[in-house]
Amino acid sequence: MSASPSNAMNLAQQEAVNYLHGPCLVLAGAGSGKTRVITHKIGRLIQMGMAPQRIAAITFTNKAAAEMRERAKGLIGKPAGEVLICTFHALGVRMLRANGAVLGLKPQFSILDTDDVTSILKDAGGSTDAATARAWQWTISAWKSAGLNAAQAQALAANDSERLACVVMARYEERLTAYQSVDFDDLISLPLKLLREHADVRAQWQQRMGHVLVDEYQDTNATQYEMLKLLVGCEPDGSRAAHLEGDARFTAVGDDDQSIYGWRGATLDNLKKLPIDFPKLKVVKLEQNYRSTSAILRAANNVIGPNPKLFPKNLWSDLGEGEPVRVVDADNEEHEAERAVARIQSLRVEGTLAQAGAQYREFKDFAVLYRANHQAKPFEKALRKANIPYKVSGGQSFFDRAEIRDLCAWFRLWANNDDDPAFVRAITSPKRGIGHQTLGSLGVFASQYKLSLFEALFSSSLAAVLQARAVGSLHEFGRYVNDLQFRAKQTQDAENARVFLTDWLKEIGYEKHLHDGEETEKLAAAKWSNVLDFCDWMAQRCGGQIDDTAGVTTAREVKNLLEVSQTIALLSTISERENDQNVVTLSTLHAAKGLEWPHVMLVGVTEGMLPFKLREQAADADAPTTTAGAQEAGEAHLQEERRLMYVGITRAQRSLAVSWTKRRKKGRELVAALPSRFIAEMALDKTTAKEDPREKLRALRAEFAARAAAAPVKT
């Protein structure tokens, strides 16, 4: 690399990039160029002689990892392909595939998705209620994120409900072991167990990790922090590993003001602990914002001001003052949606904003952001009425579609015969003349002899409990799966994978299965189109034509179909399907984090919605400790909601409007609403705070009509 990777960066960014020999915390304010710092630091490490294979950059989403990989490749070139750039979960998969045998896991273990987990928990808890199973799922997930197993959780259980969840968790753990399967929480907790309890594995990974960069550090939970410490050279007792020289080498990049995932275990304690656990920690603040105008940043700084500060900072921008932040009030949600549409139309027609010229008038330059998914409905209706194209971000994942889940079950079964949830779905999609009674008997038999369903169907004793015809059908299915597994392992590159998958779909009659199951040809054809898209995408991954966005491989390489199948549960979206859509974005504030738009409208900003009002907890006068604890939890909740508002404000580049309704729906009733306290906290100039975009649009149209009337008539 001839040019220094520090070129064209501000002094704080350069300081973060050039600090290579110890622990470093980069406090990266919104829009301050954190991804730029991470990619340039990777380049600097390589430039200074570190092997690319010894560098790991860890983030939270496949999309962020893919973007970072692309930017690193653009900056560094070929060596970037050897850097491990992936999510925490993908790193966990890599570690478990390599070393999971010491925990009793075979390399081809399955990764269960949310629906599989819900189904297993129903069975483990003897319940048919999905809501009950989901409640157990949240509780068990929280315990796993805190590093607890069922026995440890039992010792801490505070009430009968939690004690029951502990019993269910113990049975759930037994089933996961039997199925040779893990859930998403296990992809963090089990690698941590590996590192804690197996010194040889710990030493191997510590030697491998020359420098670890963690993006969105404020979103880490307790388990992820412990995992990071062990990877960068700490021993379980907190001491430094004797076989390593020098200080721990890592770069944590985050922003305490954007910590909005407390409800899923993320904790700001991890930021507090860093200077304590690593006394030589270097702290670098990135306060120059390259995204937003000064008016928007002033509102953001004012809103976040009341929150207590771990590391005080103040965002600033040299993009100029820009348009004032607008506050729009509305009578109700429908009225609010009409005003949002009118604002979009007026900005597109006008194009004379001081900082927003003609280049910011495409539909894709606009976003409507809200606190909860249900708030999207009136905006969808208003946009449709105005013939404005839009997409709802965070809607149904491609992988959540029934037809894709069917195919994934088959792939998982090829990769891991012991995956019982995949077995049940594959054998019934499409149906193969094997009924529920046969599967029920097989399940009882398998449980009795502690076998997986696949192992049980080949047992010589099965004939004693099932009719010969049923046993024959099961054997036929088992032999077919074994044949597919063998062929998938031999199938490499894109073209061969395409042929294999096309033939397989014909063999199982999947297209007919879709048409038989749908009421209309149109719906069946749409599902079949999804299947073909998915198979083509799988084939391209076999051929190395698409980067492995799960981060399980570090470079584009040809893989066999069985290898590709093993990573399928890590992939949440096919990002290639959403490129460059010229549509307005509707999104929750949580889903909008990390994104930006020229024009943003924050809607539904009323008390009770943002900040979101938690259900009142009954205060017990005889339990002052509980009351104090509830008060503390309430304050923590308000602080996180304030950070959520801050995240919403800082998504805007050129213009920001914040709207609230005087009445909002609560069930079937309209109830009076008040503007959120966060609107007052923005401390906007009162003379420019209110706007009626419909009046503005009417005035513009009248002006255009007057101009047209005054123009000389051509003869």
Side-chain angles (χ1 to χ4, degrees), residues 104-106 108-113 115-130 132-133 136 150 167-183 402 405-488 504 507-510 513 516-517 565:
L105 272 180
K106 59 185 183 184
Q108 65 271 32
F109 62 83
S110 293
I111 304 164
L112 300 181
D113 62 25
D115 281 5
D116 292 324
V117 171
T118 304
S119 175
I120 295 169
L121 286 172
K122 279 186 191 173
D123 179 50
S127 172
T128 56
D129 182 44
T132 302
W136 287 332
V167 173
V168 174
M169 183 177 181
R171 293 175 187 161
Y172 173 63
E173 286 175 349
E174 287 174 5
R175 282 161 173 76
L176 290 190
T177 302
Y179 299 161
Q180 281 288 304
S181 297
V182 299
D183 62 23
R405 287 172 54 75
D406 285 349
L407 303 194
C408 287
W410 280 88
F411 298 152
R412 281 167 43 196
L413 190 58
W414 302 347
N416 172 17
N417 295 159
D418 293 330
D419 186 338
D420 278 6
F423 178 97
V424 172
R425 187 157 192 140
I427 204 169
T428 55
S429 306
K431 290 185 170 58
R432 310 179 61 84
I434 298 170
H436 289 297
Q437 281 188 325
T438 298
L439 287 175
S441 299
L442 179 67
V444 170
F445 180 85
S447 298
Q448 186 180 349
Y449 291 97
K450 297 195 180 327
L451 302 170
S452 70
L453 293 172
F454 193 84
E455 285 177 311
L457 70 82
F458 285 117
S459 170
S460 56
S461 307
L462 187 61
V465 295
L466 282 175
Q467 293 180 352
R469 184 178 170 187
V471 172
S473 296
L474 289 170
H475 282 178
E476 183 187 348
F477 176 72
R479 283 192 293 268
Y480 184 53
V481 170
N482 281 335
D483 179 53
L484 289 170
Q485 183 184 50
F486 175 79
R487 285 158 52 195
W504 166 62
E507 288 168 8
I508 64 173
Y510 195 75
H513 165 72
D516 289 347
S565 300

- Looking at W410 versus F423, is the centre-to-centre ring distance below 6.0 Å? no
- Taking the six-membered ring for Trp, are Y510 and H513 parallel (under 30°), tilted (30 to 60°) or perpendicular (over 60°)? tilted
- From L466 atom CG to S461 atom OG, the distance as rounded to the nearest 0.5 Å: 11.5 Å
Distance-only criterion, 3.5 Å: show the donor-acceptor pairs between side-chain atoms of residues 474-483 and protein atoms not counting sequence neighbours.
| residue | atom | partner | partner atom | Å |
| --- | --- | --- | --- | --- |
| H475 | NE2 | L457 | O | 2.9 |
| Y480 | OH | E507 | OE1 | 2.5 |
| D483 | OD2 | R487 | NH1 | 2.9 |

- For D116, all residues meeting side chain to side chain donor-acceptor pair (under 3.5 Å), sequence neighbours excluded: R412
- Message: Could you report the tightest heavy-atom contact between P421 and I120, atom names first, then the distance?
- Response: CG-CD1, 3.8 Å
- Side chain to side chain, W504 and L407, heavy atoms closer than 4.5 Å: yes
- Item | Closest approach of T118 to A130 (non-hydrogen atoms, all atoms of both residues) | CG2-O, 4.3 Å
- Message: With side chain to side chain contact (heavy atoms under 4.5 Å, CB included) as the test, pick out the partner of I427 among L442, L413, I434.
- Response: I434
- Residues at least two apart in sequence or cross-chain that pass ring pair (Phe, Tyr, Trp, His ring centres under 6.0 Å) with W136, listed by chain then number, are none
- Message: To the closest 0.5 Å, what do you measure between OG (S181) and CG (L112)?
- Response: 4.5 Å
- Taking every heavy atom of P430 against every heavy atom of G509, the minimum-distance pair comes out as CG-O, 4.3 Å
- Task: Go through the structure and list residues passing side chain to side chain donor-acceptor pair (under 3.5 Å) with S110, not counting sequence neighbours.
- Result: N416, D419
- Going from CG on L105 to OG1 on T177, what distance comes out if it is rounded to the nearest 0.5 angstrom? 8.0 Å
- Query: Sequence neighbours excluded, which residues qualify as side chain to side chain donor-acceptor pair (under 3.5 Å) partners of S473?
  - Reply: none
- Message: If the condition is side-chain contact (heavy atoms from CB on, under 4.5 Å), which residues does E455 pass it with, not counting sequence neighbours?
- Response: D418, L451, S452
- Task: Scan residues 120-130 for pairs that pass salt bridge (Lys or Arg N to Asp or Glu O under 4.0 Å), counting only residues two or more places apart or in two chains.
- Result: D123-R175
- Item | Under the side chain to side chain donor-acceptor pair (under 3.5 Å) test, residues paired with D516 that sit two or more places apart | K512
- Query: Who passes ring pair (Phe, Tyr, Trp, His ring centres under 6.0 Å) against F109, sequence neighbours left out?
  - Reply: none
- Message: Taking ring pair (Phe, Tyr, Trp, His ring centres under 6.0 Å) as the definition, give me every residue that meets it alongside F445, ordered by chain and number, with sequence neighbours left out.
- Response: Y449
- Nearest heavy-atom pair of A446 and L453: which atoms, and what distance? CB-CD2, 4.0 Å
- Message: Test of understanding: with side-chain contact (heavy atoms from CB on, under 4.5 Å), list the residues that count as partners of T428, not counting sequence neighbours.
- Response: L439
- Shortest non-hydrogen pair, A422 vs A409, comes out as CB-O, 3.5 Å
- Message: Using 0.5 Å steps for rounding, measure from the CG atom of D420 to the CG atom of L176.
- Response: 11.0 Å
- Rounded distance (nearest 0.5 Å) linking atom CD of E174 with atom NZ of K450: 7.5 Å
- Pairs involving residues 422-431, ordered by first then second residue, that meet salt bridge (Lys or Arg N to Asp or Glu O under 4.0 Å) (sequence neighbours left out): D406-R425
